[in-house]
Amino acid sequence: METTVCPWCHTEIVWDEEFGPEDTCPHCNNELSGYRTVTLGVDDLEDEDEPEEAVEPEPEDVSDEDLWDDSDKDSVVPIFNTLVQFGDDYDLKRYESSVSAILAAQLEAPECPQCHELMLLSGTQNVEGFEPSSPEALGGPVLKPPFSLNLFVCPSCFHVQHSLAQEDRIQLVRNLSTGTK
């Protein structure tokens, strides 16, 4: 057996001759062959004795009207933690501990597409007035009403998201895998 030392984390990697050398370090997951160095010449280095003059940027006036100005951004929507506005009226520490307790008990917690916090399951919504599509390839409806949707709410930005309830996921998989002709 031969050994290799990871140039990133300096872990000794013992690999079996039967399987061959590792491509990535099992400890830090960096490429073992992709270690790259940067070479600096004398011209690239500045004289360390000369202190750099710090140029302070002029303070800009920040206003709510500039939030949607995307002159320097490519259609990026600003995301604020809208929970902060309730800090004066409610105990946000207790709010946070309640959110943590609920998330710990949930079986499924999707990530909010807006702010990337985990979302709370707030309940289910029954869908009855639904006209199902019946693709020709399937020969029947993809999903038959009534069905239920899980309703998730983000505790940080209050974004709402739906997903199909577990029982109806089974119905969808059954319909698509066996056909309902």
Side-chain angles (χ1 to χ4, degrees), residues 6 8-9 11 23-31 34 36 56-180:
C6 175
W8 301 97
C9 67
T11 303
D23 294 334
T24 58
C25 174
H27 184 262
C28 67
N29 293 327
N30 282 311
E31 287 182 46
R36 293 160 183 85
E56 293 185 24
E58 294 181 20
E60 296 180 16
D61 291 336
V62 178
S63 69
D64 290 342
E65 295 164 3
D66 294 336
L67 292 177
W68 298 102
D69 180 12
D70 57 350
S71 59
D72 61 336
K73 299 175 185 83
D74 295 332
S75 300
V76 174
V77 177
I79 297 173
F80 295 102
N81 186 348
T82 55
L83 185 61
V84 174
Q85 67 185 333
F86 301 110
D88 295 336
D89 300 327
Y90 298 97
D91 183 8
L92 295 184
K93 293 287 185 191
R94 182 173 169 113
Y95 180 88
E96 185 177 320
S97 66
S98 296
V99 167
S100 296
I102 294 168
L103 285 172
Q106 278 184 203
L107 296 175
E108 180 181 10
E111 185 178 276
C112 176
Q114 293 289 348
C115 69
H116 304 290
E117 291 287 331
L118 293 178
M119 299 180 85
L120 301 174
L121 176 62
S122 63
T124 58
Q125 180 179 7
N126 292 324
V127 178
E128 294 178 10
F130 174 75
E131 186 65 37
S133 66
S134 297
E136 189 177 314
L138 189 60
V142 174
L143 188 63
K144 297 177 190 173
F147 58 89
S148 298
L149 298 174
N150 291 331
L151 181 69
F152 292 94
V153 177
C154 176
S156 182
C157 71
F158 306 108
H159 180 79
V160 177
Q161 180 174 313
H162 293 91
S163 74
L164 202 54
Q166 183 63 33
E167 312 82 50
D168 299 307
R169 292 176 187 179
I170 294 168
Q171 175 192 341
L172 178 72
V173 171
R174 185 180 332 110
N175 289 350
L176 294 176
S177 63
T178 61
T180 56

task: For the residue pair His159 and Pro113, establish whether any side-chain heavy-atom pair is separated by less than 4.5 Å.
output: yes

query: Do Ser148 and Asn126 get their side chains close enough for a donor-acceptor pair, meaning under 3.5 Å?
result: yes

- request: To the nearest 0.5 angstrom, please state how far the CZ atom of Arg169 sits from the CG atom of Leu143.
  value: 12.0 Å

message: Quick one, Phe147 with Phe130, criterion ring pair (Phe, Tyr, Trp, His ring centres under 6.0 Å). Give me CA distance, side-chain angles, the key distance, then yes/no.
response: CA-CA 9 Å; Phe147 58 89; Phe130 174 75; 4.9 Å; yes

Pairwise distance NZ(Lys144) to CG(Leu172) - rounded to 0.5 angstrom: 12.0 Å

message: Quick one, Thr11 and Cys28 - any side-chain contact, counting heavy atoms below 4.5 Å?
response: no

message: Which heavy atom of Gly140 sits nearest to which heavy atom of Pro135, and what is that distance?
response: O-CD, 3.5 Å

message: To the closest 0.5 Å, what do you measure between CG (Asn150) and NE2 (His162)?
response: 9.5 Å

task: Compare all side-chain heavy atoms of Cys9 with those of Cys25 and state whether any distance is below 4.5 angstrom.
output: yes

- request: Check whether more than 12 heavy atoms from other residues, nucleotides or ligands sit under 6.0 Å from atom CD of Glu108, and answer yes or no.
  value: yes

- prompt: Ser156 versus Gln114: any side-chain heavy-atom pair under 4.5 Å?
  reply: no

statement: Distance col, row Leu118:CG vs Cys154:SG, nearest 0.5 angstrom, shows 9.0 Å

- prompt: Distance from Phe158 atom CZ to Met119 atom CE, nearest 0.5 Å?
  reply: 11.5 Å

- request: Before giving the answer on side-chain contact (heavy atoms from CB on, under 4.5 Å), spell out for Leu149 and Leu164 the whole-Å C-alpha distance, their side-chain angles and the decisive distance to 0.1 Å.
  value: CA-CA 5 Å; Leu149 298 174; Leu164 202 54; 4.0 Å; yes

- line: Taken to the nearest 0.5 Å, the spacing of Leu103 CG from Leu121 CG works out to 10.5 Å

